[in-house]
Amino acid sequence: MNIVVCVKQVPDTATERKLRSDDKTLDRDAVDGVVNELDEYAVEEALRLKEAHGGEVTVLTMGPAKATETIRKALAMGADKAVHLSDDALHGSDALSTSYAMAQALKKIGFDLVILGSESTDARTGVLAAMLAERLGAPQLTLARKVEVNGSAIAIERITDYGYDKVEATLPAVVSVVEKINEPRYPSFKGIMAAKKKPVETLGIADASVDASAVGLAAAYSEVAEFAAAPPRAAGTVVKDEGDGGVKAADFLASKKFI
Amino acid sequence: MSEILVLVEHVDGEIKKVTLELLTLARTLGEPSAVWAGPGYGDAAKAKLAEYGADKIYVADSDEVVNYVVAPKAELLARLVADKSPAAVLVASTVEGKEVAGRLAVKTDSGVITDAVGLGEGFVADQSIFGGGVNVRSRVTKGTPIVAVRPNSTAPVAAAGAGAEEKVEVAPSEAARAAKIVERVKEEKGARPELTEAAIVVSGGRGVGSAENFAIIEKLADSLGAAVGASRAATDAKWYPHQFQVGQTGKTVSPQLYIAAGISGAIQHRAGMQTSKTIIVVNKDPEAPIFEIADFGVVGDLFQVVPQLTEEIEKRK
Ligand SMILES: Cc1cc2nc3c(=O)[nH]c(=O)nc-3n(C[C@H](O)[C@H](O)[C@H](O)COP(=O)(O)OP(=O)(O)OC[C@H]3O[C@@H](n4cnc5c(N)ncnc54)[C@H](O)[C@@H]3O)c2cc1C
Ligand SMILES: Nc1ncnc2c1ncn2[C@@H]1O[C@H](COP(=O)(O)O)[C@@H](O)[C@H]1O
């Protein structure tokens with residue numbers, strides 16, 4: 001089975017993230033990049049499916065040159081090879097153009113299964129998998145907490161507000177996974193060494209048949225009109241419990257008409 | 001005034017509060033038309049939608065719309081966008097709502113904004129990003145604005161609309177029928193309100209100490225008619241089920257009142273609750289970062305403070 005797993009490099013949540021004042025995009029140079037944590041579950045699931053059914057796992061990352069760090073991490077976990085979609089023209093792409101460019105790259109790579117994380121921790125839109133399914137005309141098997149493949153049949157458990165849905169489809173398909181699905185492995189020393197020798201193909205937009213006028217900041221379908229640091233919340237009242245902390249909290253609730 | 005499509009969220013015909021919020025919001029910007037997808041439509045639903053201002057109700061109540069993952073709903077909305085040329089489409093910013101919005105955006109070649117916490121003139125959306133650290137105002141610049149608005153972004157206010165019904169026949173395309181839902185499994189969630197919809201959320205963290213001790217959090221929640229949430233430390237330890245995790249990799253909540261007990265307030269936790277209107281904190285460490293965003297904080301042992309608070313609330317009812 002030919003599995004492509006989409007892995008994004010995101011700024012470390014623990015560091016302070018800023019928008020650039022010039023073009024109002026995320027300042028990726030100012031912060032350390034890490035693997036989007038939710039994508040580690042996608043890589044793990046891809047590796048498990050390969051272990052069970054055979055085949056190959058390809059990592060697909062769209063992002064600036066420094067995203068190679070992220071690619072190496074996924075390769076160190078055990079993926080076989082990687083494709084890095086990287087081009088200055090892609091800077092500032094929104095969800096729509098990202099999904100377009102990634103769909104083009106996926107068509108070029110070819111796949112039986114595409115696996116994504118459920119959300120990127122920087123943009124937090126959680127729409128890419130659905131958009132890819134739409135663009136690729138492939139079944140959308142998103143928010144999976146369990147994935148089973150049997151020949152060309154695929155079944156997932158999709159989490160919902162009330163529990164989960166059992167969903168069935170036929171490959172090729174687009175899957176996104178939630179963090180409940182597995183426990184991602186840590187790269188072993190051997191894995192880290194091996195990753196250095198694994199092939200990473202860099203694609204520019206022309207290589208992936210991506211139309212330059214449909215990506216990047218200029219092609220965005222939405223714009224940030226303005227942004228500002230959130231005003232600090234007005235300092236609240238903090239009391240030390242002297243045996244009546246609960247009563248005081250109740251007084252506060254009453255003053256706000258919650259009780 | 002111009003027409004605004006609002007996708008109705010309902011469970012077996014029971015309309016969710018967020019839909020009433022979206023209708024309320026849509027009324028300030030145009031004339032809301034509710035779009036009903038799936039079985040369960042009836043007089044009760046019609047009355048409720050009209051009560052909150054729906055001028056029109058497009059009804060596509062066949063099973064077909066909900067028997068496949070997301071795609072048929074996006075097709076339905078795309079068709080209405082083509083036929084009615086609405087000024088905007090609003091959906092709830094739930095995981096599924098965002099997926100519908102995403103597919104619709106591709107279909108209609110339109111921009112999409114997710115996780116809006118407010119929406120004003122010109123469909124300019126307010127968003128809170130980076131764990132609540134930065135406020136952004138953004139707008140769609142191409143196509144029909146598609147905006148996913150978070151539950152609890154506005155208070156639902158009734159104001160009668162005509163509620164004129166229009167049936168829409170749908171036959172999802174073959175592509176939209178590619179991912180078939182073969183079974184829906186409802187997991188017991190008790191009588192508590194749903195986490196993302198609840199007006200009040202009471203969450204426990206590592207300080208709660210064990211699964212059994214979560215009963216203390218549940219009792220406080222029940223005294224307030226609240227939902228229960230948990231930090232990742234608590235869900236990782238399996239003290240509370242994962243679907244109740246609040247934060248960056250869990251649910252985003254934006255309730256009127258959020259009570260955090262035994263939670264330190266890591267940025268990843270705050271990312272999921274920072275837009276709560278009022279925040280109360282109980283933590284024994286006065287240095288815990290969660291106090292920075294507390295409207296009212298008690299430095300103390302939650303095993304003392306929380307049961308006392310529950311008892312006081314019961315007393316004052
Ligand atoms: C990529 C990523 C995503 C993440 N996503 C999430 C997420 O979605 N949600 C989330 O919550 N976290 C998330 N985390 C984890 C987050 O960084 C913190 O580790 C987590 O929130 C800590 O949970 P906690 O506050 O319960 O535990 P701790 O940080 O250990 O805090 C426990 C607090 O309880 C207090 N306490 C202890 N005993 C008592 C007592 N008896 N009475 C009163 N107070 C007491 C302590 O003083 C302390 O402040 C994520 C981390 C990463 C790296
Ligand atoms: N630039 C990117 N490169 C590779 N994968 C991505 C990229 N952006 C998003 N993804 C994938 O899409 C998922 C959802 O992202 P998002 O829709 O941005 O929240 C992530 O978990 C990744 O698997």
Side-chain angles (χ1 to χ4, degrees), chain A residues 13-14 16-17 19 37-38 95-96 99 121 124-127 130-131 133-135 137-143 158-159 161-169 179-180 220-230 233 236-241 245-250 252-254 256 258-259, chain B residues 11 69-71 95 98-99 101-103 105-107 110-115 124 128 130 132-143 175 178-187 194 242 248-249 257 267-268 278 280 291 293-300 304-305 308-309 312-313 316:
Chain A
T13 327
E16 195 188 347
R17 291 162 292 177
L19 292 178
E37 201 207 21
L38 292 162
L96 279 143
S99 69
T121 58
R124 298 201 69 198
T125 50
V127 295
M131 286 182 168
E134 176 72 37
R135 290 196 190 273
Q140 176 187 331
L141 301 174
T142 46
L143 304 168
R158 167 179 166 86
I159 54 145
D161 286 341
Y162 47 80
Y164 62 94
D165 287 349
K166 292 189 175 173
V167 183
E168 292 177 0
E179 60 169 306
K180 259 189 267 194
Y221 283 73
S222 56
E223 65 175 17
V224 171
E226 54 191 17
F227 69 90
R233 283 182 93 102
T237 312
V238 176
V239 300
K240 197 171 168 330
D241 181 30
V247 176
K248 285 192 171 141
F252 176 80
L253 284 178
K256 295 279 178 190
F258 285 111
I259 49 175
Chain B
V11 179
V69 177
V70 172
V95 276
K98 291 201 280 188
E99 291 186 337
R103 293 191 77 127
V106 172
K107 281 181 186 301
S110 300
V112 57
I113 289 173
T114 55
D115 287 299
V124 175
S128 165
F130 302 157
V134 178
N135 290 338
V136 170
R137 308 197 70 206
S138 42
R139 72 175 148 252
V140 167
T141 48
K142 283 188 206 166
K180 184 166 172 49
I181 299 171
V182 291
E183 191 184 339
R184 285 174 218 281
V185 181
K186 308 220 159 136
E187 287 179 331
E194 195 183 304
H242 187 277
Q248 182 172 297
T249 46
L257 172 64
I267 182 147
Q268 296 91 351
T278 300
I280 294 190
F291 281 112
I293 56 167
D295 296 289
F296 189 84
V298 181
V299 179
Q304 305 296 322
V305 178
Q308 188 182 65
L309 172 57
E312 274 300 308
I313 294 167
R316 296 182 196 195

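Residue numbers start from 1 in every chain, and the chains themselves are labelled A, B, ... in the order their sequence lines are given, proteins ahead of strands.
The closest donor-acceptor contact from the side chain of B:Gln308 to the backbone of A:Val247 lies under 3.5 Å.
Around CZ of B:Arg139, the count of heavy atoms belonging to other residues, nucleotides or ligands within 6.0 Å does not exceed 12. Counting non-hydrogen atoms of other residues, nucleotides and ligands closer than 6.0 Å to NZ of A:Lys256 gives a total of 12 or fewer.
Only the side chain of A:Ala254 comes within less than 4.5 Å of a heavy atom of chain B; its backbone N, CA, C and O stay farther away. A:Ala95 does not touch chain B: none of its heavy atoms, backbone or side chain, sits under 4.5 Å away. Of the atoms belonging to B:Ile280, it is side-chain heavy atoms, and not backbone ones, that fall under 4.5 Å from chain A. Looking at B:Ala175, neither its backbone nor its side chain comes within 4.5 Å of chain A, counting heavy atoms on both sides.
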Criterion side chain to side chain contact (heavy atoms under 4.5 Å, CB included) on A:Glu37 and B:Gln248, from CA distance to verdict: CA-CA 10 Å; A:Glu37 201 207 21; B:Gln248 182 172 297; over 6 Å; no
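With sequence neighbours excluded, no residue forms a ring pair (Phe, Tyr, Trp, His ring centres under 6.0 Å) with A:Tyr221. Residues meeting the ring pair (Phe, Tyr, Trp, His ring centres under 6.0 Å) test with A:Tyr164, sequence neighbours left out: none.
For the set B:Val185, B:Leu309, B:Thr278, the entry with the most heavy-atom pairs within less than 4.5 Å of chain A is B:Val185.
When each of A:Asp241, A:Val239, A:Val238 is paired with B:Val299, the side chain to side chain contact (heavy atoms under 4.5 Å, CB included) condition holds for A:Val238 and for no other.
In plain terms, the two heavy atoms of B:Glu312 and A:Ala250 that are nearest each other are CB-CB, 3.6 Å. Between A:Lys248 and B:Phe296 the shortest heavy-atom distance is O-CZ, 3.7 Å.
Annotation: side chain of B:Val112 is not in contact with side chain of A:Val127 (no heavy-atom distance under 4.5 Å). Within the 4.5 Å cutoff, the side chain of B:Leu257 has heavy atoms near those of the A:Leu253 side chain.
Using modelled atom types and a 3.5 Å distance limit, the side chains of A:Thr142 and B:Glu99 yield a donor-acceptor pair.
By the 4.0 Å N-to-carboxylate-O rule, A:Glu168 lies too far from B:Lys180 to be salt-bridged with it.
Once rounded to the nearest 0.5 Å, the distance linking NZ of A:Lys180 with OG1 of B:Thr249 reads 12.0 Å.
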